[in-house]
2 protein chains.
Amino acid sequence: MSDKLRQVALGIVPAETVLKNAKIVNVFNSTIETADIAIEEGIIAGIGNYEGRQEIDLCFSFVAPGLIDGHVHIESSMLTPSEFAKIVLPRGTTTVIADPHEIANVCGLNGIRFMLDSAKTTPLEVKIMIPSCVPATAFETSGYGLTAAEIGALKNEESILGLGEMMDYPGLLAGRTEVIRKVEAMDKGIRDGHAPGLSGHELNAYKVMGIHTDHESTTRAEIEEKIARGFYCHLREGSATRNLAALLPAVNQKNLSRLLFCTDDKHPGDIIREGHIDYNVNQAIQAGIAPIDAIRMATINTAIAYQLPLLGAIAPGYQADLIVFDSLEDIKVRDVYKRGIPVVKSGKILFETVKIRNHQVLNTIHFNPESIDLSLALKSDRIHVIGLENGNVTTSDIHASVKVKNGLYVAEENPDLWKLAVVERHHYSGRIGKALVKGFGLHQGALAMSIAHDSHNVIAIGDNDPDMLLAIKTIKGIGGGIVLVHEHDIYDYLRLEVGGIMTAND
Amino acid sequence: MSDKLRQVALGIVPAETVLKNAKIVNVFNSTIETADIAIEEGIIAGIGNYEGRQEIDLCFSFVAPGLIDGHVHIESSMLTPSEFAKIVLPRGTTTVIADPHEIANVCGLNGIRFMLDSAKTTPLEVKIMIPSCVPATAFETSGYGLTAAEIGALKNEESILGLGEMMDYPGLLAGRTEVIRKVEAMDKGIRDGHAPGLSGHELNAYKVMGIHTDHESTTRAEIEEKIARGFYCHLREGSATRNLAALLPAVNQKNLSRLLFCTDDKHPGDIIREGHIDYNVNQAIQAGIAPIDAIRMATINTAIAYQLPLLGAIAPGYQADLIVFDSLEDIKVRDVYKRGIPVVKSGKILFETVKIRNHQVLNTIHFNPESIDLSLALKSDRIHVIGLENGNVTTSDIHASVKVKNGLYVAEENPDLWKLAVVERHHYSGRIGKALVKGFGLHQGALAMSIAHDSHNVIAIGDNDPDMLLAIKTIKGIGGGIVLVHEHDIYDYLRLEVGGIMTAND
């Protein structure tokens, strides 16, 4: 405990920084209080009338606690944490509770370590939930398998808050030993859930078995049942999954303290265009939630749920993570302070990041490009085809008749179908999964990428094998990323050199 | 994790006990839900429709979580924890957060250990805050001095939640090393506050220095400021300190989650007559607080504030601490379950307690009765007298003229004043403090007792020295307690053989 902090709080010595004339959003009583905020050593020392060695007159702008994303896969931004910080801090997100599930599926513990190291170069506070489902499925090959023992070994590290979303709820409910061991290994902190549509006895069992949160609700009835059973529930608004409109009607004064905001997966373009957690807050306000209640779901509620006693409020002893804005009706973050230091001023970032060079997360595309055979052997011309639906992540099972020659599928004679190939890229196993897809929406060429949830092998789709092969080989050449091939030539590509799923570039 | 619990939750096997047709108070959404409660291994396995090996039809009675006293000195009941349990469990209190400040001032660590051991013989769950202020004052001699090192050594023990109320707020605010060391020694869990009337910069400093709660508010303005500064605030209703009426107007939907109930100090007669935390709940309901909101302040709010993840709610995974009653408007607890086991049925306790015989908390009256000299030497006949006020714990400083003979005070010539003596009883030091008191209200005789906050020496008051001496000597004879002497004979006495402040008798 610092004696300086005591003296500043008492007003005996001037504070390092005082934000004068702030309209302070108080999340403990949902009021606005006009006062000064005294900051010393990154901590809020006092609210009231204070003098500072540096005084910043806020001229009665609003100040709220820094926003917290209660559940995010940073990898979905395709940016490393240091670059991710540059787009979310200007939107007022000062802390994220991140589940590095994607990089762990590629690089295991090295990937988790990289995320922590990269985050430390920025003012963004990244708290980690250790992924519980690496690999996420037995149907494909992942880069790593994270064991219960490894989870247990990590649990006491700083920045580790608990266990990441338990997607394998069928395994947990079935009492599978290896799943239960992972839950038991994280015998401190919070265990995140992921149980879309789970209800009744199964939901009870999921809770009894040690899961504390859920962010998968898509209907009001679903989130209401999960709240009633004692889950802290995230209201998610990401890129593909946009649940706020359906869930906000469930929010009321009685259940508010159990509700949190998250993005889960949000693409960088959406973050830049719409915002991050500030977008959740503003959507809630537009839906009629009182502004301070909306802010509570983005601050103190999340801090309490995840046992972060220094975060989420503007009060003595809390970390000076602050956002400044001018209107409570439509929050446009202007300035951001992290641990008392200005990191965003008038929307412009004031910090630089260091690109962590970690060879353990580079060069992760491990397949032999010379041995790839994309030909698809078929025993019958009546086959199953994967049916895609626009704007939806679910697929349908289509029964179709296709042209087959010498036992091989003939692409040019089946123009409405595209071939899909998943090339194992972690262990040089040479394994390639193949299928046919309908409704992809492109007209000619091929697309390949090394982002393919959850094991992130190289996935490719195309209307002809040579274009697909070129796309796949180019993925190898650029060290991971996304490649578009059109008329037998590379049309465009995005390099994602970190684990094949993120870039360290701006 | 028990596989049985999983199977019960899923409804695959019948539960150990099912409470059928319960009107369940849900503290997460403040609703009443009619359903069954399935209990296995003391844990709530599920809410819904369940079958049990034992089924108890509640016929649509209400069931709420067991009540929690957020701050109590069990010693103030003059009962050991095992006997205290017998009067509070029938009122629905299933858990108390106890600060064994009084017994620690007499017996130190042995006293704390005794409280834990005694509590373990009962279904009452006693969580301990390690007393921070032993001794509480430098003005008298206590039986023990609890050091920062001893506090640090205890912090990881089961049942220890944090640091007991930091009464020495002047010492903390002044930055005194030994006080700060105690706060720093308890670097986990919660640190309770005790700061009557503290406000403004001083309140900020108290919070910054690591204090999380306060239970001393006596006015609406005081508790509102403490809520705003981030303290969890108890609304106290004890025997001497009755703050509910003044504080309840401060309660609203916006600050509810920061508010808890406590009794602090409540005499056994008051508990039996009025109730315990159920009394706080009912007073709140009568004052217009919604019944479930009142219950939240006695259950989930306290559990969250004190980081007790198994307590305070009726939901899967929570401990089956339950109270059953028939009306939400005036809660009269009928049945009580602790860890799924019925411990009170129709108001009658179903458990027996074991009297812990611990010699380290017996025979604690250590003074030599033969060497007591109660004569009061005065240098002047103009002296200071302690003025007592009826119904108040504060005193006034009265300047009075008294009769003095040969330099000694003469009791019989000063009939409106009584003599007060504090006999050191921990270390045979022979020290006796003496004073004169006005307004005590008795007419003849003497009173002595070994309860004397906070060091619990033997305090005696009387209108003549022989009666006082008889009372003091009798305290020694009975091993501690309260003695009344009238007309030179023992009129009545209460034996408090445990530390001189509690009895293990019913």
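Chain letters run A, B, ... following the sequence lines, proteins first and then strands; every chain starts at 1. Note that the structure is predicted; figures quoted are calculated from it, not measured.
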Under 4.5 Å from a heavy atom of chain A, the part of A313(B) involved
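Neither part; nothing is under 4.5 Å.
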Is I43(B) close to chain A through its backbone or its side chain, or both, or neither, when contacts mean heavy atoms under 4.5 Å?
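Neither part; nothing is under 4.5 Å.
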Which region of [X], side chain (C-beta onward) or backbone (N, CA, C, O), has a non-hydrogen atom less than 4.5 Å from a non-hydrogen atom of chain B, or is it both or neither?
X	answer
I44(A)	backbone
L5(A)	both
A174(A)	backbone
V183(A)	side chain
L172(A)	backbone

Identify which of I12(B), I227(B), L256(B) forms the greatest number of heavy-atom pairs closer than 4.5 Å to chain A.
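The residue among I12(B), I227(B), L256(B) with the greatest pair count is I227(B).
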What are the atom names and distances for all donor-acceptor pairs below 3.5 Å between chain B and chain A?
unit_1: M1(B); atom_1: N; unit_2: E184(A); atom_2: OE2; d: 2.8
unit_1: R6(B); atom_1: NH1; unit_2: L173(A); atom_2: O; d: 2.6
unit_1: L10(B); atom_1: O; unit_2: H201(A); atom_2: ND1; d: 3.4
unit_1: N26(B); atom_1: ND2; unit_2: A228(A); atom_2: O; d: 3.0
unit_1: E33(B); atom_1: OE1; unit_2: R229(A); atom_2: NH1; d: 3.3
unit_1: E33(B); atom_1: OE2; unit_2: R229(A); atom_2: NH2; d: 2.6
unit_1: I47(B); atom_1: O; unit_2: N204(A); atom_2: ND2; d: 3.0
unit_1: N49(B); atom_1: O; unit_2: H201(A); atom_2: NE2; d: 3.0
unit_1: Y50(B); atom_1: OH; unit_2: N204(A); atom_2: ND2; d: 2.8
unit_1: L173(B); atom_1: O; unit_2: R6(A); atom_2: NH1; d: 2.7
unit_1: E184(B); atom_1: OE2; unit_2: M1(A); atom_2: N; d: 2.8
unit_1: H201(B); atom_1: ND1; unit_2: L10(A); atom_2: O; d: 3.4
unit_1: H201(B); atom_1: NE2; unit_2: N49(A); atom_2: O; d: 3.0
unit_1: N204(B); atom_1: ND2; unit_2: I47(A); atom_2: O; d: 3.0
unit_1: N204(B); atom_1: ND2; unit_2: Y50(A); atom_2: OH; d: 2.8
unit_1: K207(B); atom_1: NZ; unit_2: P316(A); atom_2: O; d: 3.2
unit_1: A228(B); atom_1: O; unit_2: N26(A); atom_2: ND2; d: 3.0
unit_1: R229(B); atom_1: NH1; unit_2: E33(A); atom_2: OE1; d: 3.2
unit_1: R229(B); atom_1: NH2; unit_2: E33(A); atom_2: OE2; d: 2.6
unit_1: K254(B); atom_1: NZ; unit_2: D293(A); atom_2: OD1; d: 3.4
unit_1: K254(B); atom_1: NZ; unit_2: D293(A); atom_2: OD2; d: 3.1
unit_1: D293(B); atom_1: OD1; unit_2: K254(A); atom_2: NZ; d: 3.4
unit_1: D293(B); atom_1: OD2; unit_2: K254(A); atom_2: NZ; d: 3.1
unit_1: P316(B); atom_1: O; unit_2: K207(A); atom_2: NZ; d: 3.2

For [X] and [Y], work out which heavy atoms get closest and say how close.
X	Y	result
A9(B)	A205(A)	CB-CA, 3.5 Å
A315(A)	A228(B)	CB-O, 4.3 Å
G317(A)	V208(B)	N-CG2, 3.5 Å

Specify which of V8(A), I304(A), I300(A), L173(A) makes the most heavy-atom pairs with chain B at under 4.5 Å.
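Among V8(A), I304(A), I300(A), L173(A), the one with the most close pairs to chain B is L173(A).
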Which of the residues G48(A), G11(A), G175(A) is involved in the greatest number of heavy-atom pairs with chain B at under 4.5 angstrom?
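Between G48(A), G11(A), G175(A), the count favours G175(A).
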Working to the nearest 0.5 Å, report the span between CD1 of I47(A) and CG of L203(B).
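Going from CD1 on I47(A) over to CG on L203(B), the span is 11.0 Å.
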